[in-house]
Trainee: 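Below is the structure I would like to discuss, written out as structure tokens.
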Amino acid sequence: MANGGGLRMLAEHACFGGVQGFYEHDSGVCRAPMRFSVYRPAQASTRRVPVLYWLAGLTCTEETFMIKAGAQRVAAELGLMLVAPDTSPRVRLPGDDVHGDFGLGAGFYVDATLAPWSKHYHTYSWVTQELPALVAQAFPASGAQGIFGHSMGGHGALVCALRNPDRYRSVSAFAPIAAPSQCPWGQKAFAGYLGDDRAEWAQYDASELAARRGFATPILVDQGTADEFLTVQLLPDRLAEACRASATPLQLNMREGYGHGYWFVQTFVEGHLRHHAALLAA
């Protein structure tokens with residue numbers, strides 16, 4: 001690991017022959033210290049390896065996926081670097097901790113345009129531009145990138161990939177907020193961060209983007225049928241309709257009896273890692 005971009009190492013641990021690390025840097029786009037985690041497989045000690053970004057859901061941090069998903073074992077086998085950014089800046093703003101679905105831990109992977117959020121909440125640009133540049137400078141990352149995520153992070157992963165098909169070769173999601181303009185979580189976040197302009201909302205709505213733009217490689221989505229948020233907040237049927245409209249290949253797996261949490265994620269994460277590894281090696 002090179003010490004690039006003001007990078008600060010917070011902790012590193014040996015893990016499946018590689019290194020699990022936690023880091024912080026001073027973000028220019030967020031104008032705040034931002035944290036992220038990186039798993040470097042053993043293969044990264046001798047060559048540059050593909051990078052798979054994970055975007056976490058509401059109330060999570062850069063630690064959640066690395067601790068709960070159990071992904072490192074398979075990433076070690078496949079030679080994948082895993083990168084998991086935090087879900088929001090941690091600069092305190094008035095009322096930022098009143099609700100779990102807005103403010104701290106709930107940046108929604110947008111670039112906020114309304115004050116006071118517009119000063120720091122630029123997680124879309126951080127995830128798609130600044131963080132990858134830092135990772136490429138400081139870690140042995142190749143140019144092959146994929147992105148996936150869970151819930152709010154599934155929304156973010158789909159949006160980042162659909163808006164930047166030249167940067168991401170692969171995308172997948174667990175229980176994504178698939179049509180945020182049409183559900184309470186998304187409407188609250190978009191109104192608070194972006195205002196009332198629905199055209200601006202559409203730039204961060206995976207279903208609207210998929211219908212207009214599509215994606216070149218198959219999109220993989222896993223969704224639990226016992227997920228308590230399925231019918232009100234997640235709306236995977238809207239994404240399926242959008243992908244049909246643009247002839248985008250979508251593999252939507254409805255997993256019988258599974259809920260929304262990391263018990264669900266850890267059950268199926270291996271399939272997602274193998275999905276990405278195949279496309280990133282192409």
Side-chain angles (χ1 to χ4, degrees), residues 1-12 21-40 48 51-58 60-66 81-97 102-149 152-153 155-168 189-190 192-195 197 200-201 203-204:
M1 183 190 76
N3 186 18
L7 182 64
R8 296 180 289 279
M9 188 268 287
L10 304 177
E12 288 186 336
F22 299 91
Y23 309 95
E24 182 180 72
H25 80 115
D26 295 319
S27 168
V29 297
C30 294
R31 289 187 276 186
M34 296 295 290
R35 293 189 172 190
F36 63 99
S37 56
V38 177
Y39 175 68
R40 308 196 303 274
R48 292 188 173 271
V51 183
L52 183 53
Y53 287 85
W54 170 267
L55 304 187
L58 291 166
C60 293
T61 72
E62 76 285 352
E63 296 183 340
T64 310
F65 176 76
M66 297 302 189
M81 183 182 299
L82 302 175
V83 178
D86 199 355
T87 48
S88 77
R90 298 291 163 172
V91 175
R92 297 308 307 267
L93 296 171
D96 61 8
D97 61 352
F102 189 84
L104 286 178
F108 256 83
Y109 305 103
V110 305
D111 286 346
T113 57
L114 290 187
W117 316 101
S118 57
K119 184 174 181 180
H120 300 292
Y121 278 59
H122 294 275
T123 46
Y124 172 78
S125 289
W126 180 54
V127 165
T128 59
Q129 299 175 34
E130 188 177 29
L131 182 57
L134 176 61
V135 168
Q137 178 185 5
F139 299 91
S142 75
Q145 294 186 132
I147 192 165
F148 67 152
M152 177 186 72
H155 137 76
L158 291 167
V159 167
C160 289
L162 289 163
R163 289 182 60 173
N164 300 278
D166 56 329
R167 296 188 182 185
Y168 302 102
F190 286 177
Y193 292 134
L194 305 172
D197 184 355
E200 185 67 15
W201 291 18
Q203 297 305 307
Y204 298 103

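All residue numbers in this chain count up from 1 along the given sequence. Excluded from the calculations below are hydrogen atoms, water molecules and symmetry mates; all remaining heavy atoms, backbone and side chain alike, are included.
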Trainee: Which word best sums up how the rings of His155 and Phe108 line up, parallel for under 30°, tilted for 30 to 60°, or perpendicular for over 60°?
Mentor: tilted
Trainee: Could I get the full list of side chain to side chain contact (heavy atoms under 4.5 Å, CB included) partners for Arg163, not counting sequence neighbours?
Mentor: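 Side chain to side chain contact (heavy atoms under 4.5 Å, CB included) check on Arg163 returns Tyr124, Val159, Gln203, Tyr204, Leu209, Arg213.
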Trainee: Taking all non-hydrogen atoms of both residues into account, name the closest pair between Tyr168 and Val127 and its distance.
Mentor: OH-O, 3.8 Å
Trainee: Does His122 reach the main-chain N or O of Cys30 with its side chain, forming a donor-acceptor pair under 3.5 Å?
Mentor: no
Trainee: How close do Leu55 and Ile147 get, counting heavy atoms only, and between which atoms?
Mentor: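 Closest pair (atom of Leu55, atom of Ile147, distance): CD1-CD1, 3.9 Å.
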Trainee: Is there a side-chain contact (heavy atoms from CB on, under 4.5 Å) between Arg40 and Val38? Walk through the geometry before answering.
Mentor: CA-CA 6 Å; Arg40 308 196 303 274; Val38 177; 3.8 Å; yes
Trainee: Pick one: which of Trp117, Tyr121, Phe190 meets ring-ring contact (aromatic ring centres under 6.0 Å, His included) with Phe102?
Mentor: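 Of all the options given, the one that passes is Trp117.
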Trainee: Quick one: which of Phe148, Phe22, Tyr39 gives a ring-ring contact (aromatic ring centres under 6.0 Å, His included) with Phe65?
Mentor: Phe148
Trainee: Any luck finding a side-chain donor-acceptor pair between Glu130 and Ser27 under 3.5 Å?
Mentor: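 Side-chain D/A pair, Glu130 to Ser27: present.
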Trainee: Is there a donor-acceptor contact under 3.5 Å from the side chain of Thr128 to the main chain of Cys160?
Mentor: no
Trainee: Taking salt bridge (Lys or Arg N to Asp or Glu O under 4.0 Å) as the definition, give me every residue that meets it alongside Asp111, ordered by chain and number, with sequence neighbours left out.
Mentor: none
Trainee: Treating Arg31 as the side-chain partner and Lys119 as the backbone partner, does any N or O pair qualify as donor plus acceptor under 3.5 Å?
Mentor: yes
Trainee: May I ask you to decide whether Arg90 forms a salt bridge with Glu62, counting only side-chain N to carboxylate O separations under 4.0 Å?
Mentor: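 Glu62 and Arg90: not salt-bridged.
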Trainee: Taking Tyr193 for the side chain and Gly103 for the main chain, is one N or O donor matched with an acceptor at less than 3.5 Å?
Mentor: yes
Trainee: Between atom CG of Asp86 and atom OG1 of Thr61, what is the distance when rounded to the nearest 0.5 Å?
Mentor: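 Nearest 0.5 Å value for the CG-OG1 distance: 6.0 Å.
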Trainee: What is the distance from atom CG of Asp26 to atom CG of Leu134, rounded to the nearest 0.5 Å?
Mentor: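 Output value for this atom pair is 10.5 Å.
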Trainee: Supply the atom-to-atom distance Glu63 CD to Phe36 CZ, rounded to the nearest 0.5 angstrom.
Mentor: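 The distance works out to 13.5 Å.
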Trainee: Sequence neighbours excluded, which residues qualify as salt bridge (Lys or Arg N to Asp or Glu O under 4.0 Å) partners of Glu24?
Mentor: Arg8, Arg35
Trainee: Stepwise, does the side-chain contact (heavy atoms from CB on, under 4.5 Å) test hold for Arg92 with His120?
Mentor: CA-CA 10 Å; Arg92 297 308 307 267; His120 300 292; over 6 Å; no
Trainee: Of the non-hydrogen atoms in Leu131 and Pro85, which two are nearest, and what is the gap between them?
Mentor: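 Closest approach of Leu131 to Pro85, heavy atoms only: CD2-CB, 3.8 Å.
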Trainee: If you compare all heavy atoms of Ala32 against all heavy atoms of Val91, which two are closest, and at what distance to 0.1 Å?
Mentor: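 Scanning both residues, the minimum pair turns out to be CB-CG2, 3.2 Å.
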Trainee: Given side-chain contact (heavy atoms from CB on, under 4.5 Å), test Arg48 with Phe139 step by step and report yes or no.
Mentor: CA-CA 8 Å; Arg48 292 188 173 271; Phe139 299 91; over 6 Å; no
Trainee: Taking the side chain as every heavy atom from C-beta outward, state whether Ser37 and Trp54 have any pair of such atoms under 4.5 Å apart.
Mentor: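 In short, these two side chains do not touch, never coming nearer than 4.5 Å.
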Trainee: So, for Val29 and Ser125, which heavy atoms are closest and what is the spacing to 0.1 Å?
Mentor: CG2-C, 4.4 Å
Trainee: Please examine the side chains of Pro132 and Arg167, heavy atoms only from C-beta on, and report whether any two atoms are closer than 4.5 Å.
Mentor: no
Trainee: Return the minimal non-hydrogen interatomic distance between Ser88 and Ala106, and the atom names on each side.
Mentor: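 The pair with the smallest heavy-atom distance is CB-N, 3.9 Å.
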